[in-house]
Amino acid sequence: MAKHKRSLMIKLGILTLITLLSITFYVFWDINFKILHYQLPSRLTRIWAMILMAIAIGVSTTLFQTISRNRILTPSIMGLDAAYLFIQTLLVFIFGATSQAMMNTHLNFFIAMISLVTFTMFLFGYMFNKTAQSIFKLLLIGVILGTLFQSLASFVQILINPDDFLILQNTMFASFNAIQSELLIISTVIIALLVIVIYIYYLPYLDVMGLGRDHAINLGVEYDKIVKQLLFIVAILVSVSTALVGPITFLGLLIVNLAHEFIKSHKHSHILYTTILFGILSLIGAQSIVQYIMQQETEISVLINFIGGIYFIFLIIKESRS
Amino acid sequence: MSKSIAILSITLLVLSIISIFVGVVSLNPNDILSLDDSQLNVLLSSRLPRTFSIIIAGMSLSLCGLIMQQLTQNKFVAPTTAGTMDFAKLGIIISLMFFPEANLLLKLLFASVLALLGTSVFIQIIQKVKFKDIVFVPLVGIMLGNVISSLGTYIALKSNSIQSIGSWFQGDFSIVTSGRYEILFITIPLLIIAGLYANQFTIAGMGESFSVNLGLNYQRIVQIGLLITSIITAVVVVTVGMLPFLGLIVPNIVSLYRGDSIRNTLAHVALTGAILVMICDIIGRIVIFPYEIAIGLVIGVVGSVVFLIMILRSRKGFGEA
């Protein structure tokens, strides 16, 4: 046991080191000292957003998978990203792009978040309460809901006038190139608060909940209540990350599974930490490929969704065999 | 000809007539006999091609779905949920990028080959999987389609044509004019072949061992089915774009009241498909008149809602082969 624990610590140490090195490299690689005052802040903003994104997506996916007790479910695949875009579109449609609801970053952020949280509680609360739902069925429902929201959003987008549409369009692609600094600050505050709450209050419950509803209830956990609270947190984290950068569907799936393969531990304290590190690494990796190798010819979400999509197919085939 | 087919045919006819007279340039049923030149031009080069292509696309895609559902023994399989559409789209994108000079038929051939290849890969994957959950199969197909479509997006982004390609593939009948829609007629002989094989498809739908027992060359029937559906899908994607979930929902709606034998449902599926597309297209044209909403979106909304209801209603027994 002690030996196992030591090898785990070594693994985590190495991973932490690699992550720190990658961050340093990303910030300072090939930096031009003549335009340092421009380059450095823009790179720091990007890396800051990446770290936030990794935390938000890593933590929300881990929580979601613990609740659903399944490795292939993520909030994004369940259509939450698309729901966010639909809400934004509706806001523009109802109030107009130059209204307070769109122009006031904080107001917009909170409106979107509240609607998304309501939606999540309604939908997933209903789904998880129904016992004996096939996991594939749940996934398919999520995927189709995603398509539905996308179609609805595009449907409404056509009704919006072109000027308003341009403003809306900024929210539709994941990109680290144009981060709103106002959102960066408020996202940091929200994510930090949630992570602290999770570490202090929920961490002890999570490992027990991973055993399943019956075991958890036997062990004295108020299961249904905590599931609701956790779904609430998941919804907030998803909307924060989508508002900040945009949707990257398969990122969560990719990093949580990589983390599980890497440390082979079921302790949430380890899993959460490793997932976040893998999130930072994948984002830096993908962003560097997009920036340096592909010369900005593609979007980071295209790259991650391509790799993540193949990995997802592999996972569900593996799951169906076990 | 049964009573229900007569009702469906009359409905389709009425809708077709409505479809011909809906549009920016006003055509009136009253002065159909005394049209001026420009009105005649609109009628011949736009309205009629549009109405015909709606009927052909709606019929052929619905029948594709019916055939695919029989062959895979899964009610949730169709060109959208097997990745066929996305493969066809990728084929077109690649041919546009790498041999833009080639004529449309060559591009179409390339897209069909890719659609066939992709669908075969999908069939291979689901045959390898022992445990066949009814919803598992479309899940794999949709994801495969997503991966393929992100590859297409990558190529399109690389060549800076994401916008034109995006609007091209969004199912839309307003781009259908004479000179372009004739290619849809390729599907007619294919549909006739499909009709001739209807019984074989029904038998193949009872499973490989069962059909071999009845002396059917199972693999060949599957190949013929895939060939027909891939070419039809490619043709529709090229001429009108993506019509999501159409092939999925129409056969399911029909089988609710007609049962599962292809022979009994063929005509119903074709007519219902054409009617559904016609209704969606008319809705798309009326909502923001004089502009219009692409039918791909209308069908996307209608189709995903119907599909969701189908999944939610599916218990053991329903839709399970």
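Throughout, protein chains are lettered first and strands after them, A, B, ... in sequence-line order, and every chain is numbered starting at 1. What you are looking at is a predicted structure, and each value in this text was computed from that prediction instead of being measured.
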Next on the checklist: Among residues at least two apart in sequence or on other chains, which ones pass side chain to side chain donor-acceptor pair (under 3.5 Å) with B:Glu292?
Outcome noted: B:Arg50
Checklist entry - With a cut-off of 6.0 Å (strictly less than), are more than 12 heavy atoms of other residues, nucleotides or ligands near CZ of B:Phe99? => result yes
Checklist entry - Shortest non-hydrogen contact from A:Leu140 to B:Pro138? => result CD2-CG, 3.9 Å
Item to check | Max heavy-atom pair count under 4.5 Å with chain A, selected residue of B:Ile288, B:Leu144, B:Leu308 | outcome: B:Leu308
Item to check | Segment of A:Phe312 engaging chain B (4.5 angstrom heavy-atom cut-off) | outcome: side chain
Item to check | Shortest non-hydrogen contact between B:Phe136 and A:Ile317, atoms and distance | outcome: CZ-CA, 4.1 Å
Checklist entry - Under 4.5 Å between any side-chain heavy atoms of A:Thr147 and B:Phe307, yes or no? => result no
Checklist entry - Taking every heavy-atom pair that is under 4.5 Å apart, which of B:Ile293, B:Val287, B:Val298 has the most such pairs with chain A? => result B:Ile293
Checklist outcome for this item: Of all heavy-atom pairs linking B:Ser304 and A:Leu148, the shortest is OG-CD1, 3.3 Å
Next on the checklist: To the nearest 0.5 Å, what is the distance between CZ on A:Phe250 and OG on B:Ser150?
Outcome noted: 8.5 Å
Item to check | Proximity breakdown for B:Ile125 and chain A, heavy-atom pairs closer than 4.5 Å | outcome: side chain
Checklist entry - Which region of B:Tyr291, side chain (C-beta onward) or backbone (N, CA, C, O), has a non-hydrogen atom less than 4.5 Å from a non-hydrogen atom of chain A, or is it both or neither? => result neither
Next on the checklist: Would you say that A:Ile144 contacts B:Ile142 through its side chain, given a criterion of any heavy-atom pair below 4.5 Å between the two side chains?
Outcome noted: yes
Checklist entry - Taking atom CG of B:Asn146 and atom CD1 of A:Ile310, what is their separation to the nearest 0.5 Å? => result 12.0 Å
